[in-house]
Amino acid sequence: MNGETNLNVLISTMKPKLNEGEFVFCSSKTIKIDIAHCLFFFKENEGITFVCAKSYADKKKYAYSSVFSWITLEVHSALEAVGLTAAFSQALAKHDISCNVVAGYYHDHIFVQRDRGVEAVKVLEELTASN
């Protein structure tokens, strides 16, 4: 099933969902990552970046610098879609909310500062309503 590519449809139907929990970005060259506890991982030249629940990172004593809330846009966006990331990141930036974006096959996922998750969802809902 192909995802949506029309920017107006994507914005008007993106349905942001705040997932439960606190999440952290970690990096290591030597940790053997248990993918059952990772949301995703990405190999970079400097090491493997992985995102997991803060509680798991604390249990394993993994280092991290910030804690995030995780928002899923429940619209099935095509990987070829143009402009969705720019639209929602610009809306969040107007409220001084930083975002880290990960595109999955079906959905876009946004990580924002832990204490700004509810506010970020409201901003995204306003963007949807204004489209």
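In this text, all values refer to a predicted model and were calculated from it rather than measured experimentally. Atom set for the values below is all heavy atoms of this structure, side chains included, hydrogens, waters and symmetry mates excluded.
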Do you know the tightest heavy-atom contact between [X] and [Y]?
{"X": "Gly83", "Y": "Leu7", "answer": "C-CD1, 3.5 Å"}
{"X": "Asn6", "Y": "Asn8", "answer": "OD1-N, 2.9 Å"}
{"X": "Glu125", "Y": "Pro16", "answer": "CG-CG, 3.8 Å"}
{"X": "Val123", "Y": "Ala91", "answer": "CG1-O, 3.6 Å"}
{"X": "Ser77", "Y": "Asp108", "answer": "OG-OD2, 2.8 Å"}
{"X": "Gly117", "Y": "Ile71", "answer": "O-CD1, 4.0 Å"}

Grouping I, L, V, M, F, W and Y whenever their side-chain heavy atoms are under 4.5 Å apart, do [X] and [Y] come out in a common cluster?
{"X": "Leu79", "Y": "Leu84", "result": "no"}
{"X": "Val75", "Y": "Tyr106", "result": "no"}
{"X": "Leu92", "Y": "Val121", "result": "yes"}
{"X": "Val51", "Y": "Ile35", "result": "no"}
{"X": "Tyr62", "Y": "Phe41", "result": "yes"}

Please walk me through it: do Val118 and Leu18 pass side chain to side chain contact (heavy atoms under 4.5 Å, CB included)? CA-CA 7 Å; Val118 171; Leu18 182 61; 3.9 Å; yes

Once rounded to the nearest 0.5 Å, what's the spacing between atom [atom1] of [X] and atom [atom2] of [Y]?
{"X": "Thr5", "Y": "Leu10", "atom1": "OG1", "atom2": "CG", "answer": "7.0 Å"}
{"X": "Lys29", "Y": "Lys43", "atom1": "NZ", "atom2": "NZ", "answer": "11.0 Å"}
{"X": "Glu4", "Y": "Met14", "atom1": "CD", "atom2": "CE", "answer": "13.5 Å"}
{"X": "Ile110", "Y": "Ser69", "atom1": "CD1", "atom2": "OG", "answer": "11.5 Å"}
{"X": "Leu124", "Y": "Ile97", "atom1": "CG", "atom2": "CD1", "answer": "8.0 Å"}
{"X": "Lys54", "Y": "Cys26", "atom1": "NZ", "atom2": "SG", "answer": "11.0 Å"}

Donor-acceptor pair, [X] side chain versus [Y] backbone, under 3.5 Å?
{"X": "Arg116", "Y": "Asp96", "value": "yes"}
{"X": "Thr72", "Y": "Glu74", "value": "no"}
{"X": "Thr128", "Y": "Ile11", "value": "yes"}
{"X": "His107", "Y": "Leu73", "value": "yes"}
{"X": "Asn19", "Y": "Trp70", "value": "yes"}

Crowded around [X] [atom1]? As in, over 12 foreign heavy atoms under 6.0 Å?
{"X": "Tyr56", "atom1": "OH", "answer": "yes"}
{"X": "Glu44", "atom1": "CD", "answer": "yes"}
{"X": "Phe42", "atom1": "CZ", "answer": "no"}

Start with the C-alpha distance between Asp58 and Tyr64, add both sets of side-chain angles, then the distance that settles side chain to side chain contact (heavy atoms under 4.5 Å, CB included), and finish with yes or no. CA-CA 9 Å; Asp58 289 344; Tyr64 56 86; 2.6 Å; yes

Residue pair Ser66 / Gln113, side-chain heavy-atom distance below 4.5 Å: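 SC-SC contact between Ser66 and Gln113 ruled out.
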
Reference residue Phe111; test side chain to side chain contact (heavy atoms under 4.5 Å, CB included); the match among Asn100, Val101, Val24: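 Answer after filtering Asn100, Val101, Val24: Asn100.
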
